[in-house]
*Asks:* 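Below you will find the structure I want to go over with you.
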Amino acid sequence: MRVGIVGAGITGLALTHYLAAAGIDSVAFEASDEAGGVINTRHTDGKVLEAGPQRMRKTPGIEELATAAGIEDEFVEASEEQLFVYADGELGRAPLSTEEFFETDLLSWRGKLRLLAEPLTRPGMEQETARDLFVRKFGQEAYEKFIGPLYGGIYGSDPAEMPAAYALDSLMEREQEAGSFLQAFRKRVGSGQKSPPVSFRQGMQQLPNALAEVYSDRIEMETPVIDIAEKDGGYELTTSNGTEFVDHLVVTTPADVTAALLGNIVTGAEELDELRYNPLALVYLDADPDLEGFGYQVGYGEDLHTLGVSWNASMFDRDGVHTVFLGGMHEPELVERSDERLGEIAREEFEGVVGAEASVIDIARLDVGFPAWDQSWWTLEELETPEGIDLATNYTARMGVPSRVREASKIATKLEAQHESESPSPSAADGTPTRATGDD
Ligand SMILES: Cc1cc2nc3c(=O)[nH]c(=O)nc-3n(C[C@H](O)[C@H](O)[C@H](O)COP(=O)(O)OP(=O)(O)OC[C@H]3O[C@@H](n4cnc5c(N)ncnc54)[C@H](O)[C@@H]3O)c2cc1C
C-alpha cells in the first residue's frame with residue numbers, strides 16, 4: 001500500500017511518522033518551502049515570535065513525535081497554569097479548579113450559585129448555538145465574564161455564531177458520560193489527565209522542522225498538489241513536479257484548497273470553500289510587567305479591540321515577548337489597518353490593562369486564521385468521503401495540535417489494519433500498541 005498525504009503541517013507530519021513506524025510506504029507533498037503549516041515561528045532580533053499556536057499540551061503523542069524527531073530534550077514547560085480575564089476594568093484569574101472558582105472575583109455569589117446549578121439544567125442540544133447552551137447551563141454572568149471570552153478566544157469566534165452540533169460535540173459527549181458539564185470538568189481536572197503546556201527552545205516550529213528533516217525521504221517540499229483524479233482503484237496526484245499514483249489518500253489542507261482538489265471526486269467537497277476562517281493580526285510587544293501566567297482574554301462588554309494577549313515572556317521565558325491578538329470574527333476589518341495603527345492599538349490597550357510600558361517588536365497578519373466553526377459548518381452535512389480518502393483537518397475534527405496528532409495516529413492505525421489484512425506479516429501478530437493516547 002502506498003499512501004499519499006497532501007500537506008506537511010503537523011497532521012501530515014505526524015501521519016508520516018506513524019506510517020513510517022508501521023512500515024507503510026507513504027509520500028507527503030507540501031506546497032511551501034517550510035514544514036509546519038499553521039505552526040509558524042519567527043525569529044526577530046533574537047526573540048522567538050509565534051505566528052500560530054503559542055503553546056500545546058505535552059501529551060504522549062507530542063512526546064512520541066519529539067522523540068522521533070530527536071528533540072525530546074528541547075521541550076520548555078510552562079510552570080503554573082494561570083489564565084486571566086479582563087472584565088470590569090481589571091484582570092481576574094479565570095477559575096480552572098474548584099478552589100479557584102470559590103476564590104475568583106470575576107463572578108458575584110449570585111453568578112457562582114447560578115453556575116453551580118448546571119447539573120439541574122437540560123443537556124446540551126445540537127440545534128442550539130454554543131452561546132445559548134452556555135447561557136442556559138451556566139447563566140449570563142458566567143458566560144459574559146469568562147466562559148464566552150475563553151471559549152470564543154480559542155477560535156477568535158463569537159459563540160453566538162457557533163452551532164453546538166459542531167463546536168461542542170465532544171464536550172456534549174463528555175457531558176453524557178459524566179452526567180453534567182461540571183462533573184465532566186471535575187473528573188478531567190481531578191484525574192490529573194491534563195498534560196503540561198509546552199513549547200520548544202527555538203519555538204513551536206522546531207518540532208515540524210525536525211520531523212521534516214528526519215522523514216525527508218517521505219516528504220516532497222515545495223511541491224503543491226494541483227489535481228487529484230481517481231485511477232485504477234486508487235488516486236493519481238498531479239503535482240508541480242509530475243504525477244504520482246497512490247492507493248490511499250489523506251488530505252490535510254485548508255478548506256478552500258481541499259474544495260478545489262476534491263470538488264470533482266468527493267460529494268460535498270466543493271462546498272468546503274464556504275467554510276469561514278477568522279482573520280487575525282498578531283502584534284508582538286516587548287514589555288516587562290510584574291505578572292505571571294499565560295495571558296488574558298478580554299471579557300464581553302469591555303471597550304477594547306484586543307481579543308486576548310499571550311504572555312510568552314512569563315510562560316516560556318521569552319525575553320519580554322507578549323502577543324496581542326486583534327481582529328477575529330468580532331472585527332475582521334481591523335486586520336486591514338496599517339501596521340502603525342495596529343501597533344498603536346495593541347500597545348495602548350496593553351499598557352492600559354497591565355499598567356506597564358510596551359514597545360512594538362513586529363506584526364503578523366493571518367488572512368486565513370482560526371477556522372470559525374460558525375454556521376457555515378452546516379455545509380459539512382453534505383460531505384461524503386469515499387473509502388480511499390481521509391480528510392484529516394482542523395475544520396472536520398478538533399483543532400488543537402495534540403488532537404491533530406491523535407487523528408493522524410487513528411488514521412495510521414486504520415491503514416495499518418487494512419495493510420495487514422491485505423499482506424499479513426509477522427509484526428501483525430505481535431499486537432503491540434504503537435499508538436499514543438492523551439488529552440488535548
Ligand atoms: C493563530 C492560531 C493559533 C493557534 N493556537 C493554538 C494553540 O495555542 N494550541 C494548539 O494546540 N493549537 C492551536 N492552534 C491550532 C493548531 O495550530 C492547528 O489546528 C494545527 O497546527 C493545524 O495543523 P494541520 O496540519 O492540520 O493543518 P495546516 O497547518 O493548515 O497544514 C496544512 C498544510 O498543507 C499545505 N498545503 C496547502 N495547499 C497545498 C497543496 N495544494 N499541496 C500540498 N500542500 C498544501 C500547507 O502549506 C500546510 O503546510 C492555533 C491555530 C491558529 C491558526
Side-chain angles (χ1 to χ4, degrees), residues 4-16 27-41 50-59 61-62 78 83 153-157 195 197-199 204-205 207-209 211-212 219-228 237-241 244 249-262 277-282 294-295 307-308 310 312 315-316 323 325-328 335 364-373 390-408 411 439-440:
I5 303 167
V6 191
I10 195 64
T11 309
L13 291 165
L15 184 58
T16 297
V27 56
F29 297 101
E30 169 53 50
S32 159
D33 60 352
E34 280 186 67
V38 164
I39 302 178
N40 177 6
T41 308
E50 300 291 357
Q54 310 290 308
R55 60 178 185 268
M56 63 189 159
R57 293 210 173 263
K58 190 183 183 184
T59 56
I62 297 295
L83 254 180
I154 298 173
Y155 306 89
S157 260
S195 315
V198 291
S199 179
M204 293 285 287
Q205 206 178 346
L207 178 61
N209 283 342
L211 281 170
I219 303 171
E220 308 276 330
M221 299 298 294
E222 293 185 81
T223 312
V225 175
I226 299 161
D227 189 49
I228 300 172
L237 310 185
T238 305
T239 72
S240 57
N241 238 351
E244 182 94 25
L249 187 62
V250 183
V251 178
T252 74
T253 47
D256 59 336
V257 179
T258 308
L261 291 177
L262 298 182
Y277 283 77
N278 291 323
L280 289 171
L282 278 65
F294 289 5
L307 299 170
S310 192
N312 311 70
M315 235 179 345
F316 298 126
T323 309
F325 286 75
L326 299 171
V335 178
R365 285 184 178 76
L366 305 180
D367 295 333
V368 178
F370 296 115
W373 287 88
D390 279 293
L391 237 62
T393 71
N394 66 2
Y395 47 90
T396 48
R398 295 178 71 183
M399 192 177 83
V401 175
S403 293
R404 308 304 323 123
V405 172
R406 187 132 30 90
E407 191 181 10
I411 290 174
D439 66 357
D440 30 38

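For ligands, and for the atoms within them, numbers begin at 1 and follow the listed sequence.
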*Asks:* Please confirm whether Gly156 approaches ligand 1 to less than 4.0 Å, judged on its heavy atoms.
*Replies:* no
*Asks:* Tell me, do Ile411 and Val250 make a side-chain contact under 4.5 Å, heavy atoms counted?
*Replies:* yes
*Asks:* Considering non-hydrogen atoms only, spot the tightest contact between Glu50 and Met204 and give its length.
*Replies:* OE2-N, 2.8 Å
*Asks:* Looking only at distances, please establish whether an N/O atom of ligand 1 is found under 3.5 Å from an N/O atom of Arg404.
*Replies:* yes
*Asks:* Relative to the heavy atoms of Val6, which atoms of ligand 1 are at a distance of less than 4.0 Å?
*Replies:* 42 (N), 43 (C)
*Asks:* Listed by chain and number, what are the side-chain hydrogen bond (donor to acceptor under 3.5 Å, both in side chains) partners of Ser157, not counting sequence neighbours?
*Replies:* Asn278
*Asks:* With heavy atoms only and a cut-off of under 4.0 Å, state how Leu282 meets ligand 1: side chain, backbone, both or neither.
*Replies:* neither
*Asks:* Ignoring hydrogens and angles, tell me if any N or O in the side chain of Arg365 forms a donor-acceptor pair with the backbone of Ala281 under 3.5 Å.
*Replies:* no
*Asks:* Quick one: does Thr393 get within less than 4.0 Å of ligand 1, heavy atoms only?
*Replies:* no
*Asks:* For the 3.5 Å polar cut-off, considering only N or O atoms, please tell me whether Asn394 and ligand 1 meet it.
*Replies:* yes
*Asks:* Quick check: Phe370 and ligand 1, any N/O pair under 3.5 Å apart?
*Replies:* no
*Asks:* What are the atoms of ligand 1, with element, lying closer than 4.0 Å to any heavy atom of Val401?
*Replies:* 10 (C), 11 (O), 12 (N), 16 (C), 17 (O)
*Asks:* Is the closest heavy-atom distance from Gly36 to ligand 1 below 4.0 Å?
*Replies:* yes
*Asks:* Atom 14 (N) of ligand 1: which of Ser240, Pro53, Gly369 has the nearest heavy atom?
*Replies:* Pro53
*Asks:* Just jot down the ligand 1 atoms closer than 4.0 angstrom to any heavy atom of Leu280, in number order.
*Replies:* 1 (C)
*Asks:* List the steps, then state whether side-chain contact (heavy atoms from CB on, under 4.5 Å) holds for Thr16 with Leu211.
*Replies:* CA-CA 9 Å; Thr16 297; Leu211 281 170; over 6 Å; no
*Asks:* Using a strict cut-off of 4.0 Å, indicate which atoms of ligand 1 neighbour a heavy atom of Pro402.
*Replies:* 11 (O)
*Asks:* Within the 4.0 Å heavy-atom shell around Phe29, which atoms of ligand 1 are there?
*Replies:* 43 (C), 44 (N)
*Asks:* Polar-atom distance check: Val38 versus ligand 1, any N or O pair below 3.5 Å?
*Replies:* yes
*Asks:* Short list, please: which atoms of ligand 1 are under 4.0 Å from a heavy atom of Leu366?
*Replies:* 1 (C)
*Asks:* State whether the side chain of Gln205 and the backbone N or O of Gly52 hold a donor-acceptor pair below 3.5 Å, judged by distance alone.
*Replies:* no
*Asks:* Please determine if Val225 has a nitrogen or oxygen closer than 3.5 Å to a nitrogen or oxygen of ligand 1.
*Replies:* yes
*Asks:* May I ask you to check if ligand 1 and Met399 share an N or O to N or O distance below 3.5 Å?
*Replies:* yes
*Asks:* Quickly, which of Leu15, Ile62, Thr11, Thr59 forms a side-chain contact (heavy atoms from CB on, under 4.5 Å) with Val405? Name it, please.
*Replies:* Ile62
*Asks:* Does a side chain donor of either Asn209 or Glu34 reach within less than 3.5 Å of an acceptor in the other side chain?
*Replies:* no
*Asks:* Donor-acceptor pair, Arg404 side chain versus Arg398 backbone, under 3.5 Å?
*Replies:* yes
*Asks:* For residues Pro402 and Arg57, report the shortest heavy-atom separation together with the two atoms involved.
*Replies:* CG-O, 3.6 Å
*Asks:* Please enumerate all residues that pass side-chain hydrogen bond (donor to acceptor under 3.5 Å, both in side chains) together with Glu30, with sequence neighbours excluded.
*Replies:* none
*Asks:* Applying a heavy-atom cut-off of 4.0 Å, say which part of Ala35 lies close to ligand 1: side chain, backbone, both or neither.
*Replies:* neither
*Asks:* Geometry only, no angles: is Ile10 polar-contacting ligand 1 at N/O separations under 3.5 Å?
*Replies:* yes
*Asks:* Is there side-chain contact between Phe29 and Glu244, with heavy atoms separated by less than 4.5 Å?
*Replies:* yes
*Asks:* Look only at interatomic distance and state if Ser32 has a nitrogen or oxygen under 3.5 Å from any nitrogen or oxygen of ligand 1.
*Replies:* no
*Asks:* Show the atoms of ligand 1 that are less than 4.0 angstrom away from any heavy atom in Gly400.
*Replies:* 10 (C), 11 (O), 12 (N)
*Asks:* N/O to N/O below 3.5 Å, does that happen between Gly52 and ligand 1?
*Replies:* no
*Asks:* State the OH-CH2 distance between Tyr155 and Trp373, to the nearest 0.5 angstrom.
*Replies:* 6.5 Å
*Asks:* Given Glu50, Glu220, Arg57, Arg55, which one has a non-hydrogen atom that is nearest to atom 7 (C) of ligand 1?
*Replies:* Arg55
*Asks:* Please report the C-alpha distance between Tyr395 and Thr258 in whole Å, then the side-chain angles of each, then the deciding distance to 0.1 Å, and finally whether the side-chain contact (heavy atoms from CB on, under 4.5 Å) criterion is met.
*Replies:* CA-CA 11 Å; Tyr395 47 90; Thr258 308; 2.6 Å; yes
*Asks:* Are any side-chain N or O atoms of Thr393 and backbone N or O atoms of Thr252, one a donor and one an acceptor, separated by less than 3.5 Å?
*Replies:* no
*Asks:* For Val257, take its heavy atoms, then give the atoms of ligand 1 lying under 4.0 Å from any of them.
*Replies:* 38 (N), 41 (N)
*Asks:* Taking N or O atoms only and a 3.5 Å limit, does Thr253 qualify as a polar contact for ligand 1?
*Replies:* no
